[in-house]
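Working notes, beginning with the structure itself.
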Amino acid sequence: MVTRFAPSPTGFLHIGGARTALFNWLYAKHTGGRFLLRIEDTDRARSTDAAIAAILDGLQWLGLDWEGEPVFQFARAERHKEVAYQLLESGNAYRCYSTPEELEAYRAEADAARKALSEAKKAGASAEEIARLEAALAAKPRVFSSPYRDGRTPPAPDAPFVIRLKAPREGETVVEDEVQGRVQWANKDLDDMVLLRSDGTPTYMLAVVVDDHDMGITHVIRGDDHLTNAARQKQIYNAMGWDVPTFAHIPLIHGPDGAKLSKRHGALGVDAYRAMGYLPDAMRNYLARLGWGHGDDEIFTTAQAADWFDLDAIGRSPSRFDFAKLENLNGVYIRNTPDAELVRYIREVLPTLEDADYFCARANENTWQQLEAAMPGLKERAKTIKELVKSAEYLVATLQPIEARGDLNASNSTISGVTIVADRVPIQPDEKAAKILSPEARKHLAALHQRFAALETWDVASIEAATRAYAEETGAKLGNIAQPLRAAATGRTVSPPVFDVLAVLGRDEALARIADQAG
RNA sequence: GCCCCCUUCGUCUAUCGGUUAGGACGCAAGAUUUUCAAUCUUGAAAGAGGGGUUCGACUCCCCUAGGGGGCGCCA
């Protein structure tokens with residue numbers, strides 16, 4: 001089994017394309033086959049190197065590895081041309097000298113005839129008149145029929161021409177689709193497609209067939225916007241006497257409102273999902289469940305997905321993209337990922353992460369260790385990596401941003417190439433936290449500071465014990481003590497368990513923060 | 001306009017002629033609690049409409065409605 005993903009590099013890798021790639025990849029894994037990549041860059045005007053880079057980058061991030069080097073379609077133009085001429089020689093194609101202008105005029109006439117008929121009907125024209133218009137319309141079907149198909153002489157010996165497939169006029173073209181079932185078209189509805197343009201370059205329809213054949217593709221899994229193309233492509237396979245691959249046309253993904261995916265909701269590049277803080281494993285799991293299912297299984301490993309994946313379990317109706325479900329799934333994956341791995345991932349994507357500037361500008365080597373120590377508390381309340389980093393800001397809240405550090409002098413030191421600033425800046429509590437820090441709360445902080453300073457060991461258990469003892473002695477509710485502590489330690493009213501926070505911060509920093517707010 | 005595809009809770013889906021139509025997300029209520037989450041329990045929530053076929057249809061067929069895709073010397 002050989003599958004392929006064949007994007008055209010005219011933009012980023014969007015979510016629908018990513019799922020198509022995933023399905024092809026899963027099917028190859030499932031069958032122990034190969035998954036290849038082909039860049040369909042024959043549209044020279046719209047293809048860009050940036051788009052190619054974005055597609056490769058997106059696939060890599062998703063972990064969808066392809067075998068060998070990607071095939072660049074444009075580089076194979078000579079081969080495509082060769083096949084077009086082969087078809088010409090075998091009588092399965094012909095030179096068509098109709099100009100684009102003539103085609104346009106023909107289609108305009110066909111449209112006009114159609115419109116004339118419908119208007120006549122609406123106006124209640126006579127049966128005679130309607131019959132006449134119907135006959136006129138029948139003489140001009142929407143599908144173009146070239147006068148050169150049957151050997152009309154060229155307008156001039158050196159007139160420009162395209163090569164068209166001499167497609168069958170009678171009968172039907174049938175596609176046995178693994179997802180859509182048996183689909184058939186009357187051949188009269190399929191026109192003679194252009195194979196080679198007048199400038200000698202191949203069209204997409206020809207290039208796809210030739211490349212899929214030459215690459216040995218056995219299974220073509222793609223969006224169902226290509227369903228009609230499958231019929232036309234089959235005609236080329238037949239004309240060449242080639243084996244037709246198995247087709248599987250999967251429904252498109254729609255936006256939350258059921259309409260076509262637009263930039264506002266889901267049609268973002270996969271890089272945008274990385275920036276929003278979704279894990280590639282969660283993305284794969286979510287995408288796999290969109291249009292495909294395996295009983296009641298919702299969360300599964302990639303190995304399981306590959307094991308279970310099959311074409312006959314792909315649904316035929318389009319599905320909507322649901323961010324809420326993706327978020328939930330992402331949260332599950334975050335919670336199930338080991339702390340060290342999360343830290344490694346965060347370090348890797350931090351520069352491309354949304355809303356991570358604050359953390360990124362302040363993080364130093366020590367931060368990464370603290371982050372890992374704080375991770376159990378952080379990952380339990382984050383649905384995205386973006387949220388996680390946001391809630392980890394308290395770790396670096398008393399550090400100067402990198403650009404400000406340049407102004408500071410001798411007190412700075414450097415660890416692993418990162419400048420560490422000796423000077424701390426007290427935390428600026430946010431509005432809600434400031435409210436918590438009442439005069440009374442500040443007195444509690446002062447008392448706690450004393451007790452904490454006297455602790456022999458600085459860990460969660462001893463900090464909590466000291467706090468609870470203090471609450472009990474003063475008769476204060478634990479909540480009324482914990483919240484001021486949280487506000488002092490993080491500057492916010494929401495955080496991981498406050499004793500964890502204090503422990504992670506370390507005795508010196510924790511005491512300093514309490515002192516900053518104590519009254 | 002023509003051709004093709006689709007239609008189960010709000011969303012993703014299970015069911016492949018016989019089920020109290022199941023699960024998940026989301027939503028609501030409760031438990032837990034140092035905040036927020038997480039977790040646990042419970043609840044509301046669906047076969048587009050109309051005809052057939054059948055002892056029996058969500059499941060098979062037809063029509064209607066709605067949604068989507070295609071109809072290029074784009075891919």
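Model, not experiment: these values are computed from the prediction.
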Q.
On the nucleotide B:A75, are OP1 or OP2 found under 4.0 Å from the side-chain N or O atoms that A:Thr10 carries?
A. no
Q: Would you tell me if any nitrogen or oxygen in the side chain of A:Arg107 comes within less than 4.0 Å of OP1 or OP2 on B:C73?
A: yes
Polar atoms only, N or O, under 3.5 Å: list the protein pairs with nucleotides 43-45 of chain B and their distances.
none

Q) Quick one: are A:Gln233 and A:Tyr204 in side-chain contact, heavy atoms under 4.5 Å? A) yes
For nucleotides 4-12 of chain B, print each protein N/O atom paired with a nucleotide N/O atom at under 3.5 Å, atom names and distance only.
from: B:C5; atom 1: O3'; to: A:Gln180; atom 2: OE1; distance (Å): 3.3
from: B:C5; atom 1: O2'; to: A:Gln180; atom 2: OE1; distance (Å): 2.9
from: B:C6; atom 1: OP1; to: A:Arg316; atom 2: NE; distance (Å): 3.4
from: B:C12; atom 1: OP1; to: A:Arg320; atom 2: N; distance (Å): 2.9
from: B:C12; atom 1: O2'; to: A:Arg289; atom 2: O; distance (Å): 2.8
from: B:C12; atom 1: O2; to: A:Lys325; atom 2: NZ; distance (Å): 3.2

Q. Given the side-chain rings of A:Tyr94 and A:Tyr148, with only the six-membered ring counted for Trp, is the space between their centroids under 6.0 Å?
A. no
Q.
Before we go on, tell me: are the rings of A:Tyr278 and A:Tyr286 under 6.0 Å apart, centre to centre?
A. no
Q: Please evaluate the base of B:G22 for a donor-acceptor partner in the side chain of A:Asp296 within a cut-off of under 3.5 Å?
A: yes
Q. From A:His444 NE2 over to A:Thr467 OG1, what is the distance, rounded to the nearest 0.5 angstrom?
A. 12.0 Å
Q) Which value, rounded to the nearest 0.5 Å, describes the distance between A:Asn229 atom CG and A:His249 atom NE2? A) 7.5 Å
**Q.** CD/A:Glu176: more than 12 non-hydrogen atoms of other groups inside 6.0 Å
**A.** yes
Q | Span that lies between the P atom of B:G22 and that of B:C9, in whole angstrom | A | 14 Å
Q. For atom C1', what is the distance between B:C27 and B:C61, given to the nearest Å?
A. 39 Å
Q: Summarise protein proximity over nucleotides 28-41 of chain B in one line of letters, 5' to 3': B for base, S for sugar-phosphate only, - for none, counting protein heavy atoms closer than 4.0 Å.
A: ------BBBBSS--
